[in-house]
Amino acid sequence: MTNAQIAKLLRHVAASYTIKNEAKFRFQIIAYQKAAEAIESSSTEIKDLAAEERLQTIPGVGPSMQQHLKDLFSKGSVPHFDKVMEDIPQAVFPLLDIPSFGPKKAYKLVTHFKLKDQSSVIADIKNLAEEGEIAKLEGFGEKSQADILQAINEYGLGVNKTSRMVLPFASEIAGKLIEYLKKSPSVLQVYPLGSLRRKKETIGDVDIAVATKKPQEVLDYFVAYPYKERIIEKGNASASLLISGGKHIDLMVQPPEAFGSLLQHFTGSKDHNIHLREYALKKGFSLSEYGIHKKSNPHKLEQYETEEKFYKALGLDWIPPEIRENAGEIELAEKHNLPQLIALSDMRGDFHLHSNFPIEPSHDAGADTMETMLKKAEELNYNYLGFSEHNPSRSNHTPKQVYELLTKRSKKIDQLRKSTNSVHIFSLLETDILPNGNLAIDDESLSLLDGTLISIHSVFGMSKLEMTKRVLKGLRHPKAKILTHPTGRLINQRPGYELEWEEIFAFCKTENKAIEVNSWPVRLDLPDSLVRRAVESGVKLFINTDSHAVSHMDLMRYGVWVARRGFATKDDILNALEYNKLAAWFKK
DNA sequence: GCCGTTTTCGGCCCGACTGTTTTCAGTCG
């Protein structure tokens with residue numbers, strides 16, 4: 001069962017409690033929703049955490065929830081969940097995926113019209129709306145009937161509560177809108193917020209905040225955005241648009257003198273904000289997007305023009321957005337002990353570069369020459385780089401031919417080294433780990449290199465145990481230095497294979513092997529939560545782009561964001577080291 | 001159901017917006 005499926009199940013339990021008696025079960029509902037949220041945003045599989053007895057590391061998963069999840073994995077069902085949900089018609093649940101449908105509305109419709117079939121309930125509601133039956137219900141009217149019809153139609157076109165965009169796609173949408181907003185003279189400042197500002201690997205809605213003295217003008221201008229599908233809502237302080245592809249853009253506005261609290265509020269995460277507000281309450285403060293009310297003087301609103309001042313008023317250091325996920329950051333900010341997170345400007349080189357040098361690789365070759373990639377590295381002010389094409393394919397070459405190809409490549413790299421004073425060049429390769437754990441080329445060929453990246457590119461379907469043995473055997477090779485895109489996942493495309501991370505991390509730490517944070521936006525691999533565990537285990541990391549063209553070398557920032565989300569500092573990242581230290585590491 | 005430098009009991013973030021309503025319920029972030 002995936003995290004998304006588990007989160008959905010917990011939300012169904014929460015919805016069932018809401019339908020049964022919202023007041024009575026108020027806090028159970030919150031607890032189930034919090035747990036669902038935390039599980040959904042965890043990039044570690046809950047199934048693995050359960051197997052490792054580490055479920056308690058998820059905030060919001062307490063003793064009861066742990067037992068329920070254990071039941072789920074061992075028996076395939078949870079007696080307690082079944083009991084809570086037994087009186088609720090199954091047809092309620094599919095409706096909850098549709099925006100604007102909550103538990104109460106879904107239950108009212110399903111029971112009133114006696115709908116039983118889970119697979120047709122959405123079509124059934126649509127028919128009833130088209131026939132004008134829903135408007136006759138108490139509490140519904142013509143407008144809500146039309147809204148239901150619209151929501152169902154849009155749901156059919158892909159608008160739902162769960163689908164998420166990869167980060168660059170969301171950035172592009174936000175960028176266009178920000179460009180548009182900046183043309184309004186009433187817009188003083190404009191920023192992308194929410195998960196976009198926290199640089200989460202996927203983004204649900206695009207959130208934007210504007211500082212303005214003329215909120216109505218800005219809101220009017222916003223909803224006039226020419227590339228919208230329609231206006232979802234528009235009030236005095238916020239508005240929402242639907243754009244093509246079924247995505248929402250939410251805008252909030254505040255005057256400049258209160259912009260700090262709006263930035264804080266709208267950046268989230270929701271969990272961070274809830275925790276921050278609970279923390280503040282204990283200190284006698286009540287927080288909102290408008291500012292702070294002190295218990296000692298509850299009618300006066302303190303406003304803050306910057307986030308720094310807002311956090312400071314609570315006795316906290318400013319917390320970088322990437323780590324606002326309620327994972328201990330508030331406590332660290334209170335003790336003035338937040339980590340100095342790695343920054344893009346700390347990066348001194350890139351070790352995952354595929355040039356077009358003709359070594360007849362096993363997987364995709366790069367599009368550009370070594371020379372152009374080197375020039376780009378100079379432009380980026382790098383001190384060093386490592387070329388790391390895929391190894392020559394095994395099926396088309398004898399070991400001798402592989403050796404000859406790599407010898408030619410070594411000569412080329414030697415030439416290049418003479419052409420530059422500013423950038424040191426490492427001769428690497430990205431070598432496949434074969435299913436039996438051997439590397440794809442022999443020791444004689446590997447001896448031509450300064451070291452090699454190793455990775456899995458085939459036979460993904462192995463068990464966790466077998467895959468772990470395979471990777472450990474690959475890492476054991478003295479030339480193997482960096483385990484690249486270590487989970488093999490592709491975001492929104494495939495989950496990747498499973499590994500015993502504790503074993504991998506322990507091995508890397510003692511044997512001086514490094515793990516890559518791959519910056520390719522669909523990989524972002526290691527994922528942030530595993531970066532955090534790697535950092536806590538003392539494992540060293542590289543942040544690399546996996547460039548197959550010169551333009552990809554600019555993607556480094558994505559990997560840096562992932563590392564930041566994983567609490568990595570400069571000390572954790574090997575390609576932030578100065579050249580001599582790094583060269584020494586390669587020779588270890 | 002979760003959680004802890006007020007607490008292992010007794011609290012639990014704070015607000016916007018809409019539709020159907022004459023004061024609120026539901027959904028959402």
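Just so we're on the same page: letters track the sequence lines, and every chain starts at 1.
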Between CG of A:Leu10 and P of B:dG1 the distance, given in whole Å, is 12 Å
With B for base contact, S for sugar-phosphate-only contact and - for none (protein heavy atoms under 4.0 Å), nucleotides 19-29 of chain B reads SSS----SSSB
Let me have the donor-acceptor pairs involving side chains of residues 135-146 of chain A, under 3.5 Å, with sequence neighbours excluded, atom names and distances please.
| from | atom 1 | to | atom 2 | distance (Å) |
| --- | --- | --- | --- | --- |
| A:Lys136 | NZ | A:Glu133 | OE2 | 3.2 |
| A:Lys143 | NZ | A:Asp147 | OD1 | 2.8 |
| A:Lys143 | NZ | A:Asp147 | OD2 | 3.3 |
| A:Ser144 | OG | A:Gly141 | N | 2.8 |
| A:Ser144 | OG | A:Gly141 | O | 3.3 |
| A:Gln145 | OE1 | A:Ile134 | N | 3.0 |
| A:Gln145 | OE1 | A:Ala135 | N | 2.8 |

Point to revise | Distance test, side-chain N/O of A:Tyr32 to OP1/OP2 of B:dC2, below 4.0 Å | key: no
**Message:** Any donor-acceptor pair under 3.5 Å linking the side-chain atoms of A:Ser269 with those of A:Arg324?
**Reply:** no
In whole angstroms, the gap separating C1' of B:dC3 from NZ of A:Lys34 amounts to 9 Å
Ranking A:Gly62 and A:Ile232 by the position along DNA chain B of their nearest nucleotide, the one closer to 5' is A:Gly62
Going 5' to 3' through nucleotides 4-11 of chain B and flagging B where a protein heavy-atom sits under 4.0 Å of the base, S where only the sugar-phosphate is that close, and - otherwise, we get --BB----
How about A:Phe222 and A:Tyr180: are their ring centroids closer than 6.0 Å? no
For B:dT8, the nucleotide meeting Watson-Crick or G-U wobble distances (both under 3.5 Å) is none
Could you give the distance separating B:dC12 and B:dT18 at their C1' atoms, to the nearest angstrom?
-> 27 Å
Residues pairing under ring-ring contact (aromatic ring centres under 6.0 Å, His included) where one sits in residues 72-99 of chain A, two or more places apart or in two chains, turn out to be A:His12-A:Phe93, A:Tyr32-A:Phe81, A:His68-A:His80, A:His68-A:Phe81
Hits for ring pair (Phe, Tyr, Trp, His ring centres under 6.0 Å) against A:Tyr227, two or more places apart or cross-chain, chain-then-number order -> A:Tyr225
In whole angstroms, the gap separating P of B:dC14 from CD1 of A:Ile292 amounts to 12 Å
Residues passing the side-chain contact (heavy atoms from CB on, under 4.5 Å) test with A:Gln33, sequence neighbours excluded, are A:Ala14, A:Ile29
Open item on the list: Under a plain distance cut-off of 3.5 Å, with no hydrogens placed, do A:Lys247 and A:Ser163 share a side-chain donor-acceptor pair?
Closed with: yes
When rounded to whole Å, the CG to P distance for the pair A:Leu276 and B:dC12 reads 16 Å
Exercise. Taking only N and O in the side chain of A:Ser286, is any of them less than 4.0 Å away from OP1 or OP2 of B:dC13?
Worked result: no
